[in-house]
Amino acid sequence: MAYTVDKSLAQQLAATASGNTVTHDVMVGIVDDIIKTLHGDINATDIKVYKQLQELKNMIDSTRLELANLSPNDITEEHISLAADQLDEIVRHTEEATSKILDAAETVQNVAGSLDAANADKLNAAVTTIYEASNFQDITGQRITKVVKTLQIIEDRLNTMVVALGGEIKKSINGAGGKRLSAADINKPDTLMNGPQLPGSGINQDDIDALFDSL
Amino acid sequence: MSVNKAMNILIVDDYKTMLRIVRNLLKQIGFDNVDEAEDGTAAFAKLQTKDYGLVISDWNMLPMSGYDLLVKVRADAKLKEMPFILVTAESKTENVIAAKKAGVNNYIVKPFNAQTLQMKMMAVLGPF
């Protein structure tokens, strides 16, 4: 037999198809409306479709309950914020420590100037090693900023999911290293600002030199 | 022609620690006249007001990156010949290619050591 679709349901489906997200309430409403449109004699196929729709509705309710139990609000408002704050502290402490190390190294370098050449060379070599090793602070800061960006993406996805399920949550965007990141920063379409690479992902100085010379 | 160690060098990085490290390493190899800028915009403003013999810049900075600064320098009639070295954590092939095409004189990947800095400066400026 042929079914008819209510005009209001057709409009609802069209509006939903054009949107980016479908909320729980909208989905349940559509399922309910579809069930109501099943007019006429009920045969075995109708019953099967009805059962499947009922199962779909139950699954949506179950998923909503499971996600509510995960407390996504706590994840975004508490855990992710806490993690970002901890990362901020790591950056701040390493920056402070590096600054003190450099203070000491500069003092040693100045004292070296008053010593005989042999001892001055030894101290200057040690100071150079300290300066070189202090590079870590910059690299660490950039890596942590990358982690914070990842946390922000997770937070955004969770927010989208919670909104789709009918809840409302507050936004809590955090950055690290004294650089609070805006959504615009995260989405900045600069594919050449990738930051430090993990071992095996980037190329080393020798590779860069070879590439540079070949261009 | 010998390198004038009294020349002005502009170092550009948004991490103050890195500015301090590069400044100290330059001092150790005999370059004392070093100015600092915290991003490309500040660096370009300084380049307009003082004569520099070399720019050593980080890449990853906002609002103007080291790459953007390089492009702007190369497009400037007065600054287009300025020796320019990028010192950056950006170690992807596409970064090196883009920098080379934009006219960078040399490219150092972080973390780097004093010897690498000196060698790259000599490659750009000549032996010293």
Side-chain angles (χ1 to χ4, degrees), chain A residues 91 94-99 101-103 105-106 109-110 112-113 124-125 127-143 145-146 177-179 181-182 184-185 188 190-199 201-215, chain B residues 13-29 38-39 58-68 70-71 85-120 123-124:
Chain A
V91 173
T94 55
E95 197 167 355
E96 281 180 7
T98 307
S99 180
I101 292 167
L102 291 175
D103 286 343
E106 286 168 3
Q109 188 175 8
N110 290 335
N124 279 326
V127 167
T128 301
T129 302
I130 292 171
Y131 292 149
E132 290 170 352
S134 299
N135 267 313
F136 87 93
Q137 201 268 322
D138 180 18
I139 303 292
T140 303
Q142 291 193 45
R143 288 200 189 283
T145 300
K146 271 187 157 185
K179 295 177 181 175
L181 298 164
S182 67
D185 288 336
K188 188 177 166 81
D190 191 340
T191 55
L192 290 172
M193 291 223 280
N194 301 300
Q197 300 299 302
L198 291 171
S201 296
I203 54 178
N204 61 30
Q205 186 68 53
D206 289 341
D207 295 333
I208 287 171
D209 290 347
L211 175 62
F212 197 85
D213 291 340
S214 72
L215 294 170
Chain B
D13 202 304
D14 55 352
Y15 277 81
K16 287 183 179 175
T17 305
M18 278 310 299
L19 289 172
R20 198 168 166 188
I21 291 167
V22 176
R23 172 189 282 278
N24 283 324
L25 290 174
L26 288 171
K27 187 177 179 183
Q28 288 203 314
I29 54 177
E38 291 192 2
D39 66 69
D58 182 29
W59 183 308
N60 205 325
M61 300 175 292
L62 294 173
M64 188 193 288
S65 71
Y67 174 80
D68 293 336
L70 169 66
V71 170
I85 297 175
L86 274 168
V87 181
T88 174
E90 303 291 345
S91 59
K92 287 196 164 183
T93 303
E94 54 262 41
N95 288 84
V96 182
I97 293 170
K100 178 78 175 185
K101 284 183 177 173
V104 77
N105 296 95
N106 224 308
Y107 195 107
I108 301 174
V109 67
K110 292 177 184 174
F112 63 96
N113 59 35
Q115 189 187 15
T116 301
L117 177 63
Q118 186 168 6
M119 282 173 57
K120 300 307 175 193
V124 173

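Chain letters run A, B, ... following the sequence lines, proteins first and then strands; every chain starts at 1.
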Would a 4.5 Å heavy-atom cut-off, applied to side chains only, mark [X] and [Y] as touching?
{"X": "Val127(A)", "Y": "Gln28(B)", "value": "yes"}
{"X": "Asn204(A)", "Y": "Val109(B)", "value": "no"}
{"X": "Met18(B)", "Y": "Asn135(A)", "value": "yes"}

Just how far is it from atom [atom1] of [X] to atom [atom2] of [Y], taken to the nearest 0.5 Å?
{"X": "Glu94(B)", "Y": "Ile203(A)", "atom1": "CD", "atom2": "CD1", "value": "8.5 Å"}
{"X": "Lys120(B)", "Y": "Ile208(A)", "atom1": "NZ", "atom2": "CD1", "value": "9.0 Å"}
{"X": "Asn105(B)", "Y": "Phe212(A)", "atom1": "CG", "atom2": "CZ", "value": "7.0 Å"}
{"X": "Leu26(B)", "Y": "Tyr131(A)", "atom1": "CG", "atom2": "OH", "value": "11.5 Å"}
{"X": "Thr17(B)", "Y": "Glu96(A)", "atom1": "OG1", "atom2": "CD", "value": "10.5 Å"}
{"X": "Thr88(B)", "Y": "Gln142(A)", "atom1": "OG1", "atom2": "CD", "value": "6.5 Å"}

- Note on the structure: Applying a strict 4.5 Å limit to non-hydrogen atoms, the region of Thr98(A) in contact with chain B is side chain

- Message: Can you tell me which portion of Asp209(A) sits under 4.5 Å from chain B's heavy atoms? Options are side chain, backbone, both or neither.
- Response: side chain

- Task: Among Asn113(B), Asn24(B), Val96(B), single out the residue with the greatest number of heavy-atom pairs under 4.5 Å to chain A.
- Result: Asn24(B)

- Message: I need the residue from Asn106(B), Asp13(B), Asp58(B), Val22(B) with the largest number of non-hydrogen atom pairs under 4.5 Å to chain A.
- Response: Asn106(B)

- Apply the test side-chain contact (heavy atoms from CB on, under 4.5 Å) to residues Leu215(A) and Ile97(B): give CA-CA distance (whole Å), side-chain angles for both, the deciding distance (0.1 Å), then the verdict. CA-CA 7 Å; Leu215(A) 294 170; Ile97(B) 293 170; 4.0 Å; yes

Is [X] in contact with chain A via its backbone, its side chain, both, or neither, using a 4.5 Å heavy-atom distance?
{"X": "Met119(B)", "result": "neither"}
{"X": "Leu117(B)", "result": "neither"}
{"X": "Ala114(B)", "result": "both"}

- Message: Using a 3.5 Å distance criterion without hydrogens, assess whether the side chain of Glu132(A) forms a donor-acceptor pair with backbone atoms of Ile21(B).
- Response: no

- Message: Using every non-hydrogen atom in the two residues, find where Ser99(A) and Arg20(B) come nearest and quote the distance to one decimal.
- Response: OG-NH1, 3.3 Å

